[in-house]
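All remarks here apply to the structure that follows.
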Amino acid sequence: MMDELAVSRRRLSPGGLVRAGAALAATAVAAVAVSTSGTGVANAAVPVDPSGYLTNGTVYFSYNNMANCAIESNGNVGCDSIGAPITWFGIPVTNVSIDLPFLPAHPALGPLGTHGQPGSLQLSGTSPGPGQAYGEDGSITYAGTTCVAGSMRAEVTCTAKGHSFAFGFSNNFN
């Protein structure tokens, strides 16, 4: 009986409680960090078959009266704004593209400035289910480039050649 009491006291010693409390606090902080950074709560993207969007080797799609976009067979991607304002380093622009691996996302000028085709098929995810405010995002991948149409944030995000851009709810260029 005495040995069992000694073992119980060692388990509940102040040093053991401090270590247990520190481990519990670290777990709680990690859980908060994961939930606020978006990892673990991100909206899943539903992959869309690009073959229905192909015209002469280029994938064309539209998103929510906001953008007309194109992904070329070499992985170049560009979107024209048709309803959402785009600013690039504080300058209003009408389009954004990624066409060279050594350049970040940038506006295209002159005759190279138009990317999408008006009236292209809409890229969208799923409709919200019962009790949900938003459906899943739609995602299309072609020639190594991926674009996601976000239902919750109402934005288009494209990633190509080591760079990305997002516009709609937020403007973000990399």
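- In this structure, Val156 is a member of the same hydrophobic cluster as Val59, with clusters built from ILVMFWY side-chain heavy atoms closer than 4.5 Å.
- Here the side chain of Tyr142 pairs no donor or acceptor atom with the backbone of Cys147 at under 3.5 angstrom.
- Atoms NZ and CG, on Lys161 and Asp99 in that order, are 6.5 Å from each other to the nearest 0.5 Å.
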Query raised in the report: For Thr58 and Gln117, what are the C-alpha separation, side-chain angles and deciding distance, and is it a side chain to side chain contact (heavy atoms under 4.5 Å, CB included)?
Result: CA-CA 11 Å; Thr58 300; Gln117 290 183 339; over 6 Å; no
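- The backbone N or O of Asn64 lies less than 3.5 Å from a partner atom in the side chain of Gln122, making a donor-acceptor pair.
- With values rounded to the nearest 0.5 angstrom, Tyr53 atom OH is found 5.5 Å from Leu121 atom CG.
- The closest donor-acceptor contact from the side chain of Trp88 to the backbone of Asn95 lies at 3.5 Å or more, if one exists at all.
- Taken to the nearest 0.5 Å, the CZ atom of Phe165 stands 8.0 Å off from the CD1 atom of Ile86.
- For the residue pair His115 and Asn76, no side-chain donor N or O sits within less than 3.5 Å of a side-chain acceptor on the partner.
- Checking side-chain atoms of Ser97 against main-chain N and O of Cys79 turns up no donor-acceptor pair under 3.5 Å.
- Inspection of the Thr146 and Thr141 side chains reveals an N or O donor paired with an N or O acceptor under 3.5 Å.
- Residues Val48 and Leu123 meet the side-chain proximity criterion, which asks for heavy atoms closer than 4.5 Å.
- Formation of a donor-acceptor pair under 3.5 Å by the His163 side chain with backbone atoms of Pro101 is found in this model.
- Taken to the nearest 0.5 Å, the CD1 atom of Ile71 stands 11.5 Å off from the OH atom of Tyr60.
- Separation of atoms OH (Tyr63) and CD1 (Ile82) is listed at 12.0 Å; rounding is to 0.5 Å.
- To the nearest 0.5 Å, atom CG of residue Asp137 and atom OG1 of residue Thr157 are 8.5 Å apart.
- Taking all atoms of both residues into account, the shortest heavy-atom contact from Ser164 to Thr159 is CB-OG1, 3.7 Å.
- Screening Ser62, Ser81, Ser120 against Asn68 for a side-chain hydrogen bond (donor to acceptor under 3.5 Å, both in side chains) leaves a single residue, Ser62.
- In plain terms, the two heavy atoms of Ala45 and Ser139 that are nearest each other are CB-CB, 3.7 Å.
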